[in-house]
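As the structure lists them, so they are numbered: ligands from 1, and atoms in each ligand from 1. Owing to the predicted nature of the structure, the values given are computational and were not obtained by experimental measurement.
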Amino acid sequence: MPTILFAAPSLWPEYRDALPAALAEAGIDATLVTEAAPEMVDYIVYAPSSPLQDFTPYTRTKAVLNLWAGVERITGNPTLTQPLTRMVDPGLTEGMVEWVTGHTLRHHLGMDRHIVNPGHVWDPTCPPLARERPVTILGMGALGSACATALRALNFPVTGWSRTAKPGCLHGQDGLAQALATAQILVTLLPKTPETENLMNADRLALLPQGAVILNPGRGPLIDDNALLAALDAGHIGHATLDVFRVEPLPQGHPFWTHPRVTVTPHIAADTRAITASRVIAENIRRGEAGEPFLHLVDRARGY
Ligand code: NAP
């Protein structure tokens, strides 16, 4: 019977019932604990905020199962030699699709000018149809591709960009330039890696059409903050809706808080949902016990 160490203490209240239920549903007989002698642990359910940072003594651990989608805070841990999986959770994906679709529609329809209209201005300008509003998504993985499907269902022409070539998706530097050139709304859903840090620098921001809107639910460092502020001030970027930041919580006094064309949401685009995430964890433990390959394995050299 495998021993599962739940090593994300602050999340235990959410998983205390959900994880045993998912393990039972998957037919897994296991011992689920929040403390254990490291040499007895077969699986570690993990969050980067966990106090567990030294994996060296976990000599028989078959996998570290991360509850977060983003793994940039763990991939560099030299003591972590066990297989690492990240979270691809239907509940989390659904949340991201809702956040991206909601903020896309806000900017597409120009809702702000009707919601905040102190002068009671009767401006009957009608927004274009979604089919006339090209959207680009940088990062066409689990989240980006789900957002693309939802936006396409609303008729937005969506261009996707990813690291590797895949059907219907641009890649490479030329592909990026092409993807940015048409993006009236840009969604950044890349992981934070050495390659993606400051990807949206001044030069790349300049490639976007005049007045483009940026939605960043990926990671703060994907965008050069100062370059973004300069592009907003110059009017080249029409608005930025940012969910993620280099420092979180976003420090009081940061110019993003007060910039008239920045919307700050406090890293709430998509949360891992305990019930659906527990099923993903249980399935990976089932696979580990059956000697099958784990789902959502992280390639540490690649960084995601
Ligand atoms: P994923 O499935 O691993 O997808 C990542 C995508 O980014 C893939 O399409 C990948 O290309 C692409 N990519 C990676 N490096 C690239 C590079 N150098 N150049 C071009 N494309 C690159 O990840 P996911 O589950 O969709 O999650 C994406 C990110 O969302 C996470 O890493 C996390 O930072 C963020 N996130 C935020 C929240 C929130 O609440 N704000 C919640 C969850 C996740 P390939 O397809 O070619 O591999």
Side-chain angles (χ1 to χ4, degrees), residues 11 47-49 65-76 84-103 136-151 158-180 183 186-201 204 214-223 240-250 263-274 276-277 280 294-304:
L11 297 174
S49 55
L65 309 165
N66 194 39
L67 290 170
W68 296 9
V71 288
E72 72 274 10
R73 283 169 60 183
I74 330 172
T75 46
L84 169 67
T85 66
R86 61 182 209 95
M87 184 49 66
V88 177
D89 158 32
L92 182 147
T93 303
E94 218 175 300
M96 185 60 82
V97 166
E98 290 179 15
W99 188 95
V100 168
T101 306
H103 288 278
T136 287
I137 303 181
L138 304 185
M140 287 288 281
L143 299 178
S145 57
C147 292
T149 302
L151 294 176
V158 177
T159 300
W161 182 74
S162 58
R163 192 178 58 86
T164 53
K166 48 173 105 173
C169 207
L170 297 168
H171 71 285
Q173 292 310 308
D174 290 349
L176 178 58
Q178 208 180 317
L180 294 178
L186 177 74
V187 183
T188 46
L189 261 172
L190 296 157
K192 178 189 175 270
T193 69
E195 281 182 35
T196 61
E197 189 155 0
N198 288 322
L199 184 90
M200 289 310 296
N201 57 19
R204 301 231 172 76
I214 297 177
L215 311 182
N216 183 17
R219 281 293 181 262
L222 301 178
I223 306 179
T241 295
L242 310 172
D243 186 57
V244 283
F245 305 90
R246 281 163 202 273
V247 178
E248 294 182 5
L250 183 66
T263 301
V264 170
T265 66
H267 203 144
I268 44 84
D271 204 2
T272 304
R273 310 286 159 153
T276 44
V280 178
F294 291 113
L295 295 173
H296 319 308
L297 264 181
V298 173
D299 177 337
R300 262 167 279 181
R302 211 176 53 178
Y304 69 100

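- A donor-acceptor contact shorter than 3.5 Å is absent between the side chain of Asp243 and the backbone of Asn216.
- We find the CD-CZ distance between Glu248 and Arg219 to be 7.0 Å, quoted to the nearest 0.5 Å.
- With rounding to the nearest 0.5 angstrom, the CD1 atom of Ile223 is 11.0 Å from the CG atom of Asn201.
- Atoms NE2 and OG1, on His171 and Thr164 in that order, are 8.0 Å from each other to the nearest 0.5 Å.
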When you check ligand 1 against the protein, what N or O pairs turn up below 3.5 Å? List the atom names and distances, or just say none.
unit_1, atom_1, unit_2, atom_2, d
ligand 1, 2 (O), Arg86, NH2, 2.8
ligand 1, 2 (O), Ala142, N, 2.8
ligand 1, 3 (O), Arg86, NH2, 3.3
ligand 1, 9 (O), Met140, N, 2.9
ligand 1, 9 (O), Gly141, N, 3.0
ligand 1, 11 (O), Arg163, N, 3.2
ligand 1, 11 (O), Tyr304, OH, 3.4
ligand 1, 18 (N), Glu195, OE1, 3.0
ligand 1, 21 (N), Arg163, N, 2.9
ligand 1, 23 (O), Arg86, NH2, 3.3
ligand 1, 25 (O), Arg86, NH1, 3.0
ligand 1, 25 (O), Arg86, NH2, 2.9
ligand 1, 26 (O), Ala142, N, 3.3
ligand 1, 26 (O), Leu143, N, 2.9
ligand 1, 34 (O), Gly218, O, 3.4
ligand 1, 34 (O), Arg219, NE, 3.4
ligand 1, 34 (O), Arg219, NH1, 3.3
ligand 1, 40 (O), Ala270, N, 3.0
ligand 1, 40 (O), Ala270, O, 3.0
ligand 1, 41 (N), Pro217, O, 2.8
ligand 1, 41 (N), Asp243, OD2, 2.9
ligand 1, 46 (O), Lys166, NZ, 2.6
ligand 1, 47 (O), Arg163, N, 3.2
ligand 1, 47 (O), Thr164, N, 2.7
ligand 1, 47 (O), Thr164, OG1, 2.5
ligand 1, 48 (O), Tyr304, OH, 2.5

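- The number of heavy atoms from other shown groups lying within 6.0 Å of CG (Asp174) does not exceed 12.
- Note that CG of Leu222 and CZ of Arg246 are 8.5 Å apart. Values are rounded to the nearest 0.5 Å.
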